[in-house]
Undergrad: 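Provided herewith is a single structure, encoded as structure tokens, for subsequent inquiry.
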Amino acid sequence: MKTHTRVLVIGGGVVGCSVLYHLTKLGWSDVTLIERSDLTSGSTWHAAGGFHTLNGDTNMAALQGYTIRLYKELEAITGMSCGLHHVGGITLADTQERFDMLKAERAKHRYMGLDTAILSPDEVAKMTDGLVNTSGIIGALYDPLDGHLDPSGTTHAYARAARMGGAEIILHNRVLSTTQRADGGWDVMTEQGMIVAEHLVNAAGLWAREVGAMAGVYLPLLPMAHQYLVTDDIPEIMDILKSGREFPHVMDPGGESYLRQEGRGLCIGFYEKPCEPWSVDGTPWTFGHELLNEQFDKIEGSVNFAYRRFPVLERSGVKRVIHGPFTFAPDGNPLIGPVPGLRNYWSACAVMAGFSQGGGMGLSLAQWMIHGEVERDPRGFDVARFGNWTTPGYTVPKVIENYQTRFSVAYPNEEKPAARPFRTTAMYDVFLGMRAVWGQQYGLEVVNYHALPGEPLYETPTFKRSNAWEATRAEVLAVRNGVGINEVQNFGKYRVTGPGARAWLDRIMAGLIPRPGRLSLTPMLADSGRIIGDFTVSCLSETEFQLTASYGAQGWHSRWFDSHLEDGVRVENISDTRTGFQIAGPKARELLARVTRSDVSNAAFGFMDVRHMTVGMANCIVQRVSYTADLGYEIYCDAVSQRHLWQVLWDAGQDLGLRPFGMRAMMSLRLDKFFGSWGREFSPDYMPGETGLDRFIRWNKPSDWIGKAAAMKEKAEGPKRRLCAFVVDALDADVVAWEPIWIGGDVVGFCTSGGFSHYTGKSVAMGFVPTGQVAEGLAVDIEILGEKRPARLVTEPLFDADGARMRG
Ligand SMILES: Cc1cc2nc3c(=O)[nH]c(=O)nc-3n(C[C@H](O)[C@H](O)[C@H](O)COP(=O)(O)OP(=O)(O)OC[C@H]3O[C@@H](n4cnc5c(N)ncnc54)[C@H](O)[C@@H]3O)c2cc1C
């Protein structure tokens, strides 16, 4: 065995082999894969081999499309067969909500170039030769790309393609330990001896937790036991085969099942509610090419349902039962990318649908390792989306919930209940007493809204306007007409200190780094110029700065800061230790003046100023800025002073009509001014010039900053598309995200977010259209739940267009 390699991939399942192939495809040939047994010896060998593009995350869906298209390329390169059957797939909708979801997915596919179609029940019956009982079916989504393959053949094809690119694969050699070297590489002890690797990839599938633990990391994933049945030959299927056709895949989410042809019969698998995790405390090293015992009782209900939907099954004998484990992350998406806190250690784990996702995940990881970034926004599958607050105690209930709801309708306003409440602030009980309805961000409970008296303490999941409507409206009006208060806990916060702090920030951020006492807004760019953060920077002194950004992006941002640290600068993540409130609305200044002896007049404390102040008895940092687009202040204190700060503000605000508001109101308020939001308008999928964030770039900084060359290039060439705002003639549903924007019969763009502006009574959307089309009043249609709604491009904010209120 060789003693040194540039990359060592641990695990020869479909994912490890895909990573290995993509590394060679992108130009790294000194790459090695070590497998403890034979290839496919984890979950891979007993997979049903189905593949599909449907995924609520558009980047995941696009990467699933990439994976499926790759198989023909693999066959061509290697001359091996992947056993491909591109039979197409039909996802049934038996409720209006499910049909709404499918229509929304279809709409997204229009600009993603995925050629899906909505089917009527009659069309379903015809395409399935009457084998689907369509009673109760409202419609369906058809995807011609769906199909199935041979899991083992495909994995070996990846392996051969990788070998052809120079990779080495070593079988029957278990990795025993991994130790970080001082030079950032890894000493890897295997059964066949030591190998030094510059980079380590954990693609150990069922054993990813154990392999992670060798490096001291906890990867939040859990194997679940999954079962599918293969029938004897079925005459009706044999007739279809005789006519030279194949039976399509049929997903019946209402029955928690997926059905496909297998040989001359069918195979059907279930995501049953009485599901079971497998080997919760660790996967035994002795587990190999074996199946779990059949467990018919847990799928009995699902099977009976399937007999009604697919009556032919009841007449067919069961030839084989496959019951095996495979791994899931708490939200069901893969865990890919650089593991925070370690150098040159990469995760390629929790890929729950290896044959839909394995190619795209291999490509993305190889891009990340070789180019330093991924061509698509990776946040949906980035391992850093789970922070170090994630524990097995959290992962187990979350994975079970995800498995049970895998086929449930996914609503845009849905808040899943498992493992909650977990992380709360000192305000939790106070807001609970004020009828808070909670959401969750990065594990933290965050108020969505406060239910009105008589309303349930629960927001009904829906694609349309929810029961939070009146409460949200009341909170919005309280802010616009008086003063509102909410927590700033759910901002990611960083303290940057040291003699090198300013110079470092100037390099990391594209925008202005303010002078003492001032704030600035700035994008943070990757080398490619794409947006990886939108920050508020506060200069507290020449050697102390506070950064605020999205709470959910902490893992991502901290990892970026860590990997770009320099001597003379210290960055601390203080997201959970520095907390406080924002107050906003025309009476916000009056409220602040009542609780501090500092001068908060506009002359002494202007827009975008920051000051140390005593508020009540607490030492606070107060920033004059508000995402509500109103006169507002963010008041930061340490976590143990938060209840005191609340009491002081609450008592002083009573006769001003002070009212707490939540995230639903915040997102409505920001729409009045067309403020973009992280993860919606601003993400690594976009460039600064496209989004308008280029106005915050300080082009003429004396020293270079990350992303400068690419941003300058975009500036010189001009962006091809631009983020715009629209007022939509909506009915009972507003834009959420990804809805196509039509001009005439053409899809010209897509929405990034939207909602209802309660203050102005208008439905608002934000989205991209080609630069050449941007003009005040441009008439477009936006497709909401399958229906084109007229919309008009607006350039002037709906509230405080001249900024007088915000700055005054
Ligand atoms: C019943 C069933 C049906 C399924 N159906 C489908 C389907 O239809 N479509 C689909 O896309 N997916 C399906 N899946 C899921 C699919 O099997 C997985 O997504 C996929 O196999 C994950 O591959 P992997 O490479 O990540 O992990 P694994 O296949 O578990 O591979 C990990 C490899 O790492 C090796 N390894 C671990 N530790 C070490 C070590 N210390 N040293 C060296 N080697 C090590 C193991 O031996 C193993 O070969 C199904 C799964 C099951 C159980």
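Numbering of ligands and ligand atoms starts at 1, following listing order.
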Undergrad: From the options Phe328, Phe326, Phe287, select the one residue that forms a ring-ring contact (aromatic ring centres under 6.0 Å, His included) with Trp278.
TA: Phe287
Undergrad: Please report the closest heavy-atom contact between Pro684 and Arg379, naming both atoms and the distance.
TA: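 Result for this residue pair: CD-NE, 3.9 Å.
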Undergrad: Below 4.0 angstrom from a heavy atom of Gly12, which ligand 1 atoms are there? Numbered from 1 as shown, please.
TA: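 Atoms satisfying the 4.0 Å criterion: 33 (C), 34 (O).
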Undergrad: Can you pull out the closest protein heavy atom to atom 34 (O) of ligand 1? Residue, atom name and distance to 0.1 Å, please.
TA: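 Residue, atom and distance for the closest contact: Gly11 CA, 3.1 Å.
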Undergrad: Over all heavy atoms of both residues, which pair between Gly12 and Thr155 is shortest? Give the atoms and the distance, please.
TA: O-CG2, 4.1 Å
Undergrad: Would you say Thr405's side chain and Glu401's backbone share a donor-acceptor pair under 3.5 angstrom?
TA: yes
Undergrad: If you take all heavy atoms of His172 and Gln192, which pair is closest and at what distance?
TA: O-NE2, 3.3 Å
Undergrad: List ligand 1 atoms under 4.0 Å from Ile10, heavy atoms only on the residue side.
TA: 39 (C), 40 (C), 42 (N), 43 (C)
Undergrad: Tyr258 vs Tyr271 aromatic rings, parallel, tilted or perpendicular, using cut-offs 30° and 60°?
TA: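 Tilted: the ring planes of Tyr258 and Tyr271 meet at 30° to 60°.
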Undergrad: Centre-to-centre under 6.0 Å for Tyr66 and His22, is that the case here?
TA: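 Under 6.0 Å, so yes.
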Undergrad: Would you name the heavy atoms of Leu114 and Arg69 that are closest together and state the gap between them?
TA: CD2-NH2, 3.7 Å
Undergrad: Report yes if Gly354 has an N/O atom closer than 3.5 Å to an N/O atom of ligand 1; otherwise report no.
TA: yes
Undergrad: Restricting to non-hydrogen atoms, name the atom on Leu141 and the atom on His109 that form the minimum distance, rounded to 0.1 Å.
TA: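 So the two residues come closest at CD2-CE1, 4.2 Å.
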Undergrad: Quick test: of every protein heavy atom, which one is nearest to atom 52 (C) of ligand 1, and how far off is it to 0.1 Å?
TA: Phe326 CD2, 3.6 Å
Undergrad: Please determine whether any non-hydrogen atom of Trp45 lies less than 4.0 Å from an atom of ligand 1.
TA: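 Per 4.0 Å heavy-atom rule, Trp45 does not contact ligand 1.
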Undergrad: Decide whether the shortest distance between a heavy atom of Ser37 and an atom of ligand 1 is less than 4.0 Å.
TA: no
Undergrad: Give the atoms of ligand 1, by number and element, whose distance to some non-hydrogen atom of Ala48 is under 4.0 Å.
TA: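 Per the distance check, 3 (C), 4 (C), 5 (N), 6 (C), 7 (C), 8 (O).
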Undergrad: Can you figure out which of Gly205, Ala47, Gly42, Gly50 has its heavy atom closest to atom 10 (C) of ligand 1?
TA: Gly50
Undergrad: Under 3.5 Å, N or O to N or O, is Glu35 touching ligand 1 that way?
TA: yes
Undergrad: Tell me whether Met352 has any N or O atom under 3.5 angstrom from an N or O of ligand 1.
TA: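 Looking only at distances, the answer is yes, because the N/O contact criterion of under 3.5 Å is met.
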Undergrad: When only distance counts, is Val15 in polar contact with ligand 1, meaning an N/O pair under 3.5 Å?
TA: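 N/O-N/O distance under 3.5 Å: yes.
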Undergrad: So, regarding Met214 and ligand 1 (criterion: nitrogen or oxygen to nitrogen or oxygen, under 3.5 Å), is there a contact or not?
TA: no
Undergrad: Select the closest option to atom 42 (N) of ligand 1 among Leu171, Val175, Thr44, judged by heavy-atom distance.
TA: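 Among Leu171, Val175, Thr44, the closest heavy atom to atom 42 (N) of ligand 1 comes from Val175.
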Undergrad: Check each atom of ligand 1 against the heavy atoms of Val211 and keep those under 4.0 Å away; list them by number with element.
TA: 38 (N), 41 (N)
Undergrad: Looking only at N/O atoms, are Ser43 and ligand 1 under 3.5 Å apart anywhere?
TA: yes
Undergrad: Which ligand 1 atoms does Ser356 reach within 4.0 Å, using its non-hydrogen atoms?
TA: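 Heavy-atom distances to Ser356 below 4.0 Å select 11 (O).
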Undergrad: Check each atom of ligand 1 against the heavy atoms of Val351 and keep those under 4.0 Å away; list them by number with element.
TA: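 The list of qualifying atoms is 18 (C), 19 (O), 22 (C).
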Undergrad: Please indicate whether any nitrogen or oxygen in Val14 is less than 3.5 Å from any nitrogen or oxygen in ligand 1.
TA: yes
Undergrad: For Ala203, counting its heavy atoms only, list the atoms of ligand 1 lying under 4.0 Å from any of them.
TA: 32 (C), 34 (O)
Undergrad: Taking the six-membered ring for Trp, are Phe51 and His86 ring centroids under 6.0 Å apart?
TA: yes
Undergrad: Salt bridge between Asp30 and Arg6, side-chain N to carboxylate O under 4.0 Å?
TA: no
Undergrad: Within the 4.0 Å heavy-atom shell around His226, which atoms of ligand 1 are there?
TA: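 Close to His226: 1 (C), 2 (C), 3 (C).
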Undergrad: Could you tell me whether a side-chain N or O of Tyr403 sits under 3.5 Å from a main-chain N or O of Pro277, the two making a donor and an acceptor?
TA: no
Undergrad: Is there a heavy atom of Phe51 sitting under 4.0 angstrom from any atom of ligand 1?
TA: no
Undergrad: Does any N or O atom in Leu206 lie less than 3.5 angstrom from one in ligand 1, N or O only?
TA: yes
Undergrad: Test the Arg174-Trp285 pair against the cation-pi criterion, namely NZ or CZ under 6.0 angstrom from the six-membered ring centroid and within 45° of the ring axis.
TA: yes
